[in-house]
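Structure, as structure tokens:
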There are 2 protein chains.
Amino acid sequence: MAAGTGQRPRGAGRAQLHETALRLFARDGVDGTSLQAIADEIGVSKAAVYYHYKTKDEIVLDVLRPMLDALPELTTRAEAQRTRHARVEVIITGFVDLAVGNHSSFVVVMIDPYVLRLLAKQQPLQQWWDRIVELVTGPEPDTQTRVAMLMFIGGLTSTSRDAWLAEMAPDEQRDYLLECGRRLLQHRRRPHAKD
Amino acid sequence: MAAGTGQRPRGAGRAQLHETALRLFARDGVDGTSLQAIADEIGVSKAAVYYHYKTKDEIVLDVLRPMLDALPELTTRAEAQRTRHARVEVIITGFVDLAVGNHSSFVVVMIDPYVLRLLAKQQPLQQWWDRIVELVTGPEPDTQTRVAMLMFIGGLTSTSRDAWLAEMAPDEQRDYLLECGRRLLQHRRRPHAKD
DNA sequence: GTCTATACGTCGATAGAC
DNA sequence: GTCTATCGACGTATAGAC
């Protein structure tokens with residue numbers, strides 16, 4: 001404890017550590033990011049990092065906390081909608097906003113093997129995924145929609161790590177990604193294909 | 001060299017090593033897979049693994065070789081098509097077949113940070129990606145199609161690691177994924193949306 | 001082809017000075 | 001809050017017996 005208030009200080013040093021760790025996790029993977037590498041990037045020693053966090057797992061979880069909290073919140077918000085169309089629209093816009101608003105967190109949470117192993121032990125991530133699937137497909141098991149949902153989420157992680165897309169203005173990224181989500185998940189059958 | 005023929009023997013031991021390494025790479029990431037872990041999985045010692053390969057990088061590249069060769073080949077095949085529609089169709093079916101036919105290789109090549117770092121040094125992967133983009137979007141820079149392409153490829157990697165989808169028959173996986181690709185990339189504007 | 005043994009660096013994590 | 005110094009475990013990679 002640095003301050004006498006009893007509150008978590010959340011100083012500038014901690015914020016910089018937070019930002020640096022997240023950036024390296026997204027670029028090199030958690031397994032590929034040593035605490036030494038994080039410390040070097042900031043310009044301090046490894047022990048200085050350990051002043052803020054007791055373990056590497058604690059860093060990972062703290063850095064990903066906002067994203068990990070946002071995902072169930074989004075699901076709950078979608079479940080409150082009455083029609084399937086509205087639920088899917090909330091899911092699409094919600095995921096796109098999460099991905100665009102925080103590329104690094106989204107990528108790390110979704111595809112990093114270290115994080116997947118960590119969460120498999122700690123939280124019922126599987127149940128959360130089942131909720132999403134039921135939201136989008138409805139009670140009857142629509143396989144095509146389920147596959148499209150998988151592709152949409154996975155595709156968002158891929159676009160989140162693309163350098164070319166990252167240069168685009170966030171609002172513009174958002175529009176293009178929303179269109180992709182609607183093509184995949186709000187599909188209406190066309191009269192008939194031309195080919 | 002074990003055999004006197006001068007040819008690479010390609011024995012059963014090497015094949016098992018190949019399969020085991022690929023499976024662990026896909027599950028735990030390359031950084032998260034030690035040579036000790038591979039050796040333990042097979043039931044031999046670490047040194048036995050080093051009999052077949054001099055370095056870890058060599059294992060990674062050898063294991064991913066079929067996929068790394070298939071990607072430019074697919075691109076060349078697509079470029080031979082006359083219409084944009086046909087080129088995109090070759091890209092869609094080609095990528096789906098690659099992903100369905102070899103889930104693990106596809107995932108590792110596409111998203112593993114270790115592999116991305118390795119390839120960044122050795123091969124002009126960037127040029128290959130530019131060829132794909134031009135194939136799909138055509139000469140004029142169509143941003144929406146480009147984003148859809150990113151989402152399609154990324155989505156394939158995500159569906160490749162999904163356990164539920166993996167239980168499905170390959171032909172069935174193929175059909176659902178093809179439909180997703182067509183929704184994203186062979187999009188025709190609908191008369192107008194209902195809502 | 002596979003083994004044991006080992007070299008040498010880096011890992012996550014801790015102790016104690018300042 | 002940050003440092004140096006250090007720990008034990010594990011990483012890649014090698015040497016040499018069988």
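Chain letters run A, B, ... following the sequence lines, proteins first and then strands; every chain starts at 1. Owing to the predicted nature of the structure, the values given are computational and were not obtained by experimental measurement.
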Audit row: B/Arg117, B/Asp57, salt bridge (charged side-chain N to carboxylate O under 4.0 Å, His left out) steps and yes/no = CA-CA 11 Å; B/Arg117 275 172 291 177; B/Asp57 283 0; over 6 Å; no

Between [X] ([atom1]) and [N] ([atom2]), how many Å, whole number?
X	N	atom1	atom2	value
A/Lys46	C/dC11	NZ	C1'	7 Å
A/Gln36	D/dT2	CD	C1'	14 Å
A/Glu58	C/dG12	CD	P	15 Å
B/Lys56	D/dG11	NZ	P	9 Å
A/His52	D/dG1	NE2	P	6 Å
B/Asp40	C/dC3	CG	P	11 Å
A/Tyr114	C/dC11	OH	C1'	11 Å
B/Asp31	D/dT12	CG	C1'	13 Å

query = Hey, does A/Lys54 reach any base, or is it just sugar-phosphate, or nothing, if we go heavy atoms under 4.0 Å?
reply = sugar-phosphate

message = Using a 4.0 Å heavy-atom cut-off, does A/Ser34 contact any base of the nucleic acid, only the sugar-phosphate backbone, or nothing at all?
response = sugar-phosphate

Between [options], which nucleotide has the shortest distance from any of its atoms to the side chain of [X]?
X	options	value
B/Ala47	C/dT4, C/dC11, D/dT12	C/dT4
B/Ser45	D/dT2, C/dT4, C/dG12	C/dT4
B/Tyr50	C/dA13, C/dT2, D/dT14	D/dT14

key: Spatial distance of atom NE2 (A/His187) from atom CZ (A/Arg182) [nearest 0.5 Å]   = 15.5 Å

query = Once you round to the nearest 0.5 Å, how far does CD of B/Gln186 lie from OG1 of B/Thr145?
reply = 10.0 Å

N-O pairing of A/Arg131 and A/Glu79 below 4.0 Å =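 Yes, this pair counts.
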
message = Could you go through A/Gln144 and B/Glu179, starting from their C-alpha distance and side-chain angles, then the distance that decides it, and tell me whether this counts as side chain to side chain donor-acceptor pair (under 3.5 Å)?
response = CA-CA 8 Å; A/Gln144 179 63 65; B/Glu179 168 65 17; 5.6 Å; no

ask   = C/dG1 phosphate, OP1 or OP2: any side-chain N/O from B/Tyr51 under 4.0 angstrom?
value = yes

